[in-house]
Amino acid sequence: MVPTLPYRIGYGEDAHRLEAGRPLILGGVPVPESPHGAVAHSDGDAVLHAVADALLSGLALGDIGQYFPDTAAEWHGLDSRVIVARALELVRERGYGPVNVALVVTLDRPKLGPLRADIARSVAALLTLPDTEVGVSFKTSEGLAPAHVQVRVTALLARTETAG
Ligand SMILES: Nc1ccn([C@@H]2O[C@H](COP(=O)(O)O)[C@@H](O)[C@H]2O)c(=O)n1
Ligand SMILES: C[C@@]1(CO)OP(=O)(O)OP(=O)(O)OC[C@H]1O
């Protein structure tokens, strides 16, 4: 059935193990002087993976692993901005667009506060939204998961075309 509701809510999550000597990229922003980075098939950007999954889930379009399988050599080292662009395209093809997103990154180290505006700006640009429509929160795991990054994202989608 083709979705026709004026608004749809999406939710996405992602987690990656962290290892020393790897770059950490969050929301398309390289985190300077991070003691560790994500172990992943792609560039390991857990923020963008969760954003893309939130977009897809709002229209019941599955998850990014279906479009970018981690078993495919062609996606090795993939820039995760490509994943968000594809998810956005799929949403727009169905007559919807994002209104706002709220994301929470759980990470013990390093402190991300100084990057909050950069991450909001980067994610907003990928979604063609004003920076003010991307809420960015950080939490530690209180030492429960020091070698782990976890991201949770909600997204509101609105219908941009009236059903014909
Ligand atoms: N990687 C992180 C994690 C947290 N913060 C900020 O620290 C404050 C306290 O976080 P708790 O999890 O202990 O409640 C909070 O203001 C976070 O924004 C951070 O900057 N980087
Ligand atoms: C992005 C993809 C594909 O490169 O791989 P990873 O970087 O491992 O990321 P994950 O969020 O575990 O799953 C989606 C994948 O298919």
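Both ligands and their constituent atoms are indexed starting at 1 by order of listing.
- Of the protein's non-hydrogen atoms, T140 N, 2.6 Å is the one closest to atom 12 (O) of ligand 1.
- With distances taken over non-hydrogen atoms, the option nearest atom 9 (C) of ligand 1 out of K139, K111, R109 is K111.
- Only the backbone of P110 comes within contact range of ligand 1, with a heavy atom under 4.0 Å; no side-chain atom does.
- Near G113, meaning under 4.0 Å from any of its heavy atoms, are these atoms of ligand 1: 19 (C), 20 (O).
- When non-hydrogen atoms are compared, ligand 1 lies under 4.0 Å from the side chain of E142 (C-beta onward) but not from its backbone.
- For atom 13 (O) of ligand 2, no protein heavy-atom neighbour is found at a distance under 4.0 Å.
- Closest protein heavy atom to atom 15 (C) of ligand 1: F138 O, 4.0 Å.
- Of all atoms in ligand 2, listed by their number and element, those nearer than 4.0 Å to a heavy atom of W75 are 4 (O).
- There is a side-chain donor-acceptor pair under 3.5 Å between H49 and D14.
- P98 and L157 get closest at one heavy-atom pair: CA-CD2, 3.9 Å.
- Between the CG atom of L48 and the CZ atom of R81 there is a distance of 8.5 Å, given to the nearest 0.5 Å.
- The closest approach between H16 and ligand 2 falls below 4.0 Å for a heavy atom of the residue.
- Summarising the geometry, atom CG belonging to D43 is positioned 13.0 Å from atom CH2 belonging to W75; distances are rounded to the nearest 0.5 Å.
- L107 O, 2.8 Å is the protein heavy atom nearest to atom 1 (N) of ligand 1.
- Here H16 and H148 keep their ring centres 6.0 angstrom or further from each other.
- Side chain of T160 to backbone of G95: a donor-acceptor contact under 3.5 angstrom is found.
- Residue contacts with ligand 2: G65 is placed with no nitrogen or oxygen under 3.5 Å of a nitrogen or oxygen of the ligand (distance criterion only).
- Looking only at heavy atoms of the protein, atom 21 (N) of ligand 1 is closest to L112 N, 2.8 Å.
- By the 4.0 Å heavy-atom criterion, I83 is counted among the residues contacting ligand 2.
- The minimum heavy-atom distance between D108 and E142, with the atom names listed, is OD1-N, 3.7 Å.
- Near R116, with a cut-off below 4.0 Å to any heavy atom, the atoms of ligand 1 are 18 (O).
- Only the side chain of D14 comes within 4.0 Å of ligand 2, judged by heavy-atom distances.
- Atom OH of Y96 is separated from atom CG of L5 by 5.5 Å, given to the nearest 0.5 angstrom.
- With respect to the salt-bridge test (charged N to carboxylate O, under 4.0 angstrom), the residues R86 and E89 qualify.
- At least one donor-acceptor pair closer than 3.5 Å links the side chain of H36 to the backbone N or O of R109.
- Both the backbone and the side chain of H41 come within 4.0 Å of ligand 2, counting heavy atoms alone.
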